Number of protein chains: 2
Amino acid sequence: MKSGPTIQDIAAAAGVSKSTVSLVLQESPRIKAETAEKVREAARALGYVYNRGAANLRGRRSTTIGMVINDLTNPFFVELLVAIERVLAQSGYTTLMAHTAEDVETQTRVLRSMREQNVAGLIMSPALGTPDALADEIRSWGIPLVLVMRPMGVDVDTVGVDNTYGFELATQHLIEQGHTRIAFAGNRKGYTVANQRRQGYLSAMAEHGLAVDDEWIVDVELTPKGGRDAVRAIFDMKPRPTAVLCYNDQVAVGVLHELDRMGKRAGKALAVVGCDNVIAAEHTNPPLTTLSAGADRLGVMASRTLLARLEATEEQQAPVVQYFAVPELVVRESSVGAGSRSRSGSEAAL
Amino acid sequence: MKSGPTIQDIAAAAGVSKSTVSLVLQESPRIKAETAEKVREAARALGYVYNRGAANLRGRRSTTIGMVINDLTNPFFVELLVAIERVLAQSGYTTLMAHTAEDVETQTRVLRSMREQNVAGLIMSPALGTPDALADEIRSWGIPLVLVMRPMGVDVDTVGVDNTYGFELATQHLIEQGHTRIAFAGNRKGYTVANQRRQGYLSAMAEHGLAVDDEWIVDVELTPKGGRDAVRAIFDMKPRPTAVLCYNDQVAVGVLHELDRMGKRAGKALAVVGCDNVIAAEHTNPPLTTLSAGADRLGVMASRTLLARLEATEEQQAPVVQYFAVPELVVRESSVGAGSRSRSGSEAAL
DNA sequence: CTGAAAGCGCTTACAG
DNA sequence: CTGAAAGCGCTTACAG
């Protein structure tokens, strides 16, 4: 810790008081232009570096924002993080990052650390299994919180996706392709997002009068490995499903991969749909049909929601934000060509 | 900024001085166990939160570390970031993150911001085109700097990869598979890493007495799109190369994808090798042969190097660290089966 | 083993 | 338009 010149040093060099220097650094219009220039010149000459920590302590404010992310191995969350960091930086905030790797204890630890660091606000994508009470606890700290992707009750600002609608849309697409036996590769346990996605699938099936065999709901890890396991399970079923809806693109990548290993082609042997539209989904073999809600747009929304909270006074706070983006289906090769309807078309091409 | 109890409040509640409270919080052995317990109890009762910013200001130290990353859309750097963040957190440091998206101006801005935030040290993967002088400038700030992946001269701590050796290894592997016309998809411009990789390729070719046609060095974007462009360029050459060495896995993914679009299979139509061994390389179709130096291991090395600098006194500083991991080649399907040597094998199997 | 005092580098009323 | 003074929440010699 080599310490450089302080406003005191600048004040001495410029022949003014440190109050004046402070005001100049804040670009206060109260200081005469001439004086201000003299001060800026002295600061430059001395190689002055503003000490934001000291300013925050004295001013009882903070310009850092904590970003708590559950899974950076999923590129979707990386896209989200990048967008959020960009928007916050543009508004003069610095991002304190922490990765929880879906571990609730790690999450507790990093939240404590961020509180000690005196963050002005928090954006969090909570780890699976986070108790709902955590949102209340954070509120009790007096730190504004915006949740992304994973809701935790209706009284906390949340930016996410309408998963139920999205999975209805995806299921409907598969039905339109002529599929009637459609599997779901995700997990059966009760986290909100998983439930919504499963529910969207189930209700679209019901709406079209299609029965769902319980074994079609394949409980797997939400990773490529899980996708591979799902394919093996599906090919053991008789009659076997001709399409699979995946919890997310990570699972779908595993599905595409296992099909390839078996010498089969997604889209022909089994129609595959993912969710998230990660950048890589465009370059898988074959390219992946998937639900897109726009990671960048969600990141921008989440940051703006937080910035609005920070800039509003106690009295003028807007009501709780609950924003759920409506996803679109991006149709690519992985879901086209295997259903009975389209199969007749591809047979004609043979 | 709701502010909670301070050490002064705890002191009052526990009936001691704030010096004593401070010492207890630092777990100083100088305080009697009984007194310490009384203080801790009072802190708990009041819901005390340590203010690290105030402590850092007074103690003239800092417990945050800046992490400047050039490209988070490349999963390799994400793996690196995750490893670094984990190690730093374990040592009680907080990570301030910034993403430059390969933009030198953004990088300048975030470095200034981190300096104002009073980071104890910096870990940086510099943006392409960063002037070498930047390392000296950061040193002049008195902030220890560790570079990852991209060296900038020999007098700054650096943790990277022996790219020249790696690309020699990869080239040799392709030659052993019977290939003699091997292309290189990267960029021709003069950044250190690009030069090393190209050089490794060229020297292995030379060593085996194989001529390199200038057009085989395909200058493309270092993205999947670049990989796709490379494939199109290669298939226009006559006689065309039968193998391609890619700058990194991002490029290789594009190569695999374009081959698939053309109805061809990597490994048969064209042998493909990448670099980085990102997690996804295991699940591409076909799986990707690639160079692995271990993102996690590199991240751990980089963090430890920085931690060692922070913990050593001025006099006992170790000499500059220049660590270059020796990569291994992970052979998967994308590079096997297309060379003349192995082709005879596969013909026998037909 | 504990306390009184000084001070880290800033900001912010307040006074002139 | 500018300055003197108080203070943000801590730590650290120093004294006892």
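Since the model is a prediction, treat every value here as computed from it, not as a measurement. In what follows, every chain begins at residue 1, and chains take the letters A, B, ... in the order their sequences are listed.
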Q: When rounded to the nearest 0.5 angstrom, what is the spacing between CD1 in A/Ile84 and CG in A/Leu306?
A: 9.5 Å

Q: How is A/Gln8 classified with respect to the nucleic acid when contacts are heavy atoms under 4.0 Å: base, sugar-phosphate, or nothing?
A: nothing

Q: Just one of A/Val119, A/Ile138, A/Thr64, A/Ile143 clears the side-chain contact (heavy atoms from CB on, under 4.5 Å) bar with A/Met114, so which one?
A: A/Val119

Q: Taking any heavy-atom pair under 4.0 Å as a contact, classify A/Thr6: base, sugar-phosphate, or nothing.
A: sugar-phosphate

Q: Relative to the 5' end of DNA chain C, which residue comes earlier, A/Ala55 or B/Ser17, by the nucleotide with the nearest heavy atom?
A: B/Ser17

Q: May I have the distance from B/Asn56 (atom CG) to D/dG9 (atom P), rounded to whole angstrom?
A: 15 Å

Q: Has A/Ser22 got a side-chain N or O lying under 4.0 Å from the OP1 or OP2 atom of C/dC10?
A: no

Q: Keeping the roles fixed (side chain from A/Thr6, backbone from A/Gln8), state whether a donor-acceptor pair exists under 3.5 Å.
A: yes

Q: Does a side-chain N or O of A/Gln26 approach OP1 or OP2 of C/dT12 to a distance below 4.0 Å, or not?
A: yes

Q: Quickly work out the A/Lys18 NZ to C/dC10 C1' distance and round it to whole Å.
A: 7 Å

Q: Report which part of the nucleic acid A/Val39 touches: base, sugar-phosphate, or nothing (heavy-atom distance under 4.0 Å, all strands).
A: nothing

Q: Check the pair A/Thr20 / A/Ser17 against side-chain hydrogen bond (donor to acceptor under 3.5 Å, both in side chains), numbers first and verdict last.
A: CA-CA 5 Å; A/Thr20 303; A/Ser17 76; 3.2 Å; yes

Q: With respect to the side chain of B/Thr35, which nucleotide from C/dC1, D/dT12, D/dT2 is positioned closest?
A: C/dC1

Q: Measure from the side chain of A/Arg58, starting at C-beta and using heavy atoms only, and say which of D/dT12, C/dT2, C/dC10 lies closest.
A: C/dC10

Q: Considering just the side-chain nitrogens and oxygens of A/Thr20, establish if one lies under 4.0 Å of OP1 or OP2 belonging to D/dT2.
A: no

Q: So, applying salt bridge (charged side-chain N to carboxylate O under 4.0 Å, His left out) with B/Arg139, which one of B/Asp157, B/Asp132, B/Asp155 is it?
A: B/Asp155

Q: Measure from CG on A/Leu57 to P on C/dC8 and round the result to the nearest Å.
A: 13 Å

Q: How many Å lie between CD on B/Glu116 and P on C/dG9, as a whole number?
A: 15 Å

Q: Can you tell me the distance, in whole Å, between the NZ atom of A/Lys32 and the P atom of D/dG3?
A: 10 Å

Q: Tell me: CZ of B/Arg30 to C1' of C/dC1, nearest whole Å?
A: 8 Å

Q: Is there side-chain contact between B/Val24 and B/Thr35, with at least one heavy-atom pair below 4.5 Å?
A: no

Q: Rounded to the nearest Å, what distance is computed from the CD atom of residue B/Glu34 to the C1' atom of nucleotide C/dT2?
A: 14 Å

Q: Would you classify A/Val24 as touching base, sugar-phosphate or nothing, given that sugar-phosphate means primed atoms plus P, OP1 and OP2, and contacts are heavy atoms under 4.0 Å?
A: nothing

Q: Which base, if any, makes a Watson-Crick or G-U wobble pair with C/dG3, both distances under 3.5 Å?
A: D/dC14

Q: Among the nucleotides C/dT11, D/dA4, C/dG3, which one has an atom lying closest to any side-chain atom of B/Ser19?
A: C/dG3

Q: Expressed as a whole number of angstroms, how long is the span from B/Tyr48:OH to D/dG9:P?
A: 10 Å

Q: Could you work out which one of C/dC10, C/dT2, D/dG3 sits closest to the side chain of B/Ile31?
A: C/dT2

